[in-house]
Amino acid sequence: MKYSLSIPQIALYHQNGYLVDLPPIYSAAEMIEHNRHLKEIMKLLKPGETAKDIREWHETSRWLYEIVMNPKILDLVEGIIGKDFYIWGSNFFIKEPRTSDVVGWHQDAYYWPMAPHNSVTVWLAFTDVSPENGAMQIVPESH
């Protein structure tokens, strides 16, 4: 099944800088399996490293490669920036429960090594998110 964005969704993305409530990429059973794989891949981290050190591992991990190359995700990105794009980065961003870690307000493009910033971030939640457990917050039109 090809995932595609509607004209109103594309317009909303360009106006606000983000989209939410997109169709699920993976089933609940697939996400359970992904979380199992994540636990296995985290065992490869060296002492002192965290999930944030899992950067660009899609270049060497078949499992991560298949996630970033999922046709459903690529179809959605294509709807925003067109067919001619490449995946230049991937990482895990895990905020553990009851941690004192804080992520300040920021714009992703500030940290990206490119210009112009014609790029898209795809955020795939591996667990349920809600305001109660610290879900991501976005400022509309801050892009």
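What you see below is based on every heavy atom in this structure, not just the backbone, and it leaves out hydrogens, waters and symmetry mates.
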side-chain hydrogen bond (donor to acceptor under 3.5 Å, both in side chains) partners for His34, two or more places apart = Trp63
Contacts of Glu40 that satisfy side-chain hydrogen bond (donor to acceptor under 3.5 Å, both in side chains) - sequence neighbours left out = Lys43
Verify same cluster id: Ile32, Val129 (apolar side-chain graph, 4.5 Å) = no
For Trp105, which residues count as a side-chain hydrogen bond (donor to acceptor under 3.5 Å, both in side chains) partner, sequence neighbours excluded?
-> none
With a 4.5 Å limit on heavy-atom distance, are the side chains of Met136 and Ile138 in contact?
-> yes
Sequence neighbours excluded, which residues qualify as side-chain hydrogen bond (donor to acceptor under 3.5 Å, both in side chains) partners of Glu30?
-> Ser27
So which heavy atom on Gly79 is nearest to which on Ile10, and how close?
-> O-CD1, 3.4 Å
To the nearest 0.5 angstrom, please state how far the OG1 atom of Thr121 sits from the CD atom of Gln107.
-> 11.5 Å
Reported CG-to-CG distance for the pair Leu5 and Leu12, which is rounded to 0.5 angstrom | 10.5 Å
Kindly work out whether a path of hydrophobic side-chain contacts (I/L/V/M/F/W/Y, heavy atoms less than 4.5 Å apart) joins Leu44 to Phe126.
-> yes
Say you draw a straight line from CZ of Phe93 to CH2 of Trp123; how long is it, rounded to the nearest 0.5 Å?
-> 10.5 Å
If a pair satisfies side-chain hydrogen bond (donor to acceptor under 3.5 Å, both in side chains) and one of its residues is in residues 44-60, list it, with sequence neighbours excluded.
-> His58-Ser90
Could you note down all residue pairs passing side-chain hydrogen bond (donor to acceptor under 3.5 Å, both in side chains) where residues 12-25 supplies at least one of them, sequence neighbours left out?
-> none
How about Leu76 and Val122: do any of their side-chain heavy atoms sit closer than 4.5 Å?
-> no
Listed partners of Ser4 passing side-chain contact (heavy atoms from CB on, under 4.5 Å), at least two apart | none
When you look at Phe85 and Ser119, which way does the side chain to side chain contact (heavy atoms under 4.5 Å, CB included) test go after all the steps?
-> CA-CA 9 Å; Phe85 66 89; Ser119 192; over 6 Å; no
Taking C-beta and beyond as the side chain, do His106 and Asp108 meet within less than 4.5 Å on heavy atoms?
-> yes
Can you name the residues that form a side-chain contact (heavy atoms from CB on, under 4.5 Å) with Asn70, not counting sequence neighbours?
-> Ile25, Tyr26, Lys72, Ile73
Contacts of Met42 that satisfy side-chain contact (heavy atoms from CB on, under 4.5 Å) - sequence neighbours left out | Leu38, Leu45, Ala51, Ile54, Ile94
Non-hydrogen atoms of Pro24 and Tyr3 that approach each other most closely | O-OH, 2.7 Å
Partners of Tyr65 by side-chain contact (heavy atoms from CB on, under 4.5 Å), sequence neighbours excluded?
-> Arg62, Met69
Is there a side-chain contact between Leu74 and Val77, using heavy atoms and a 4.5 Å cut-off?
-> no
Evaluate the side chain to side chain donor-acceptor pair (under 3.5 Å) criterion for residues His37 and Asn35: first the C-alpha distance (whole Å), next the side-chain angles of each, then the deciding distance (0.1 Å), finally the verdict.
-> CA-CA 5 Å; His37 279 285; Asn35 276 291; over 6 Å; no
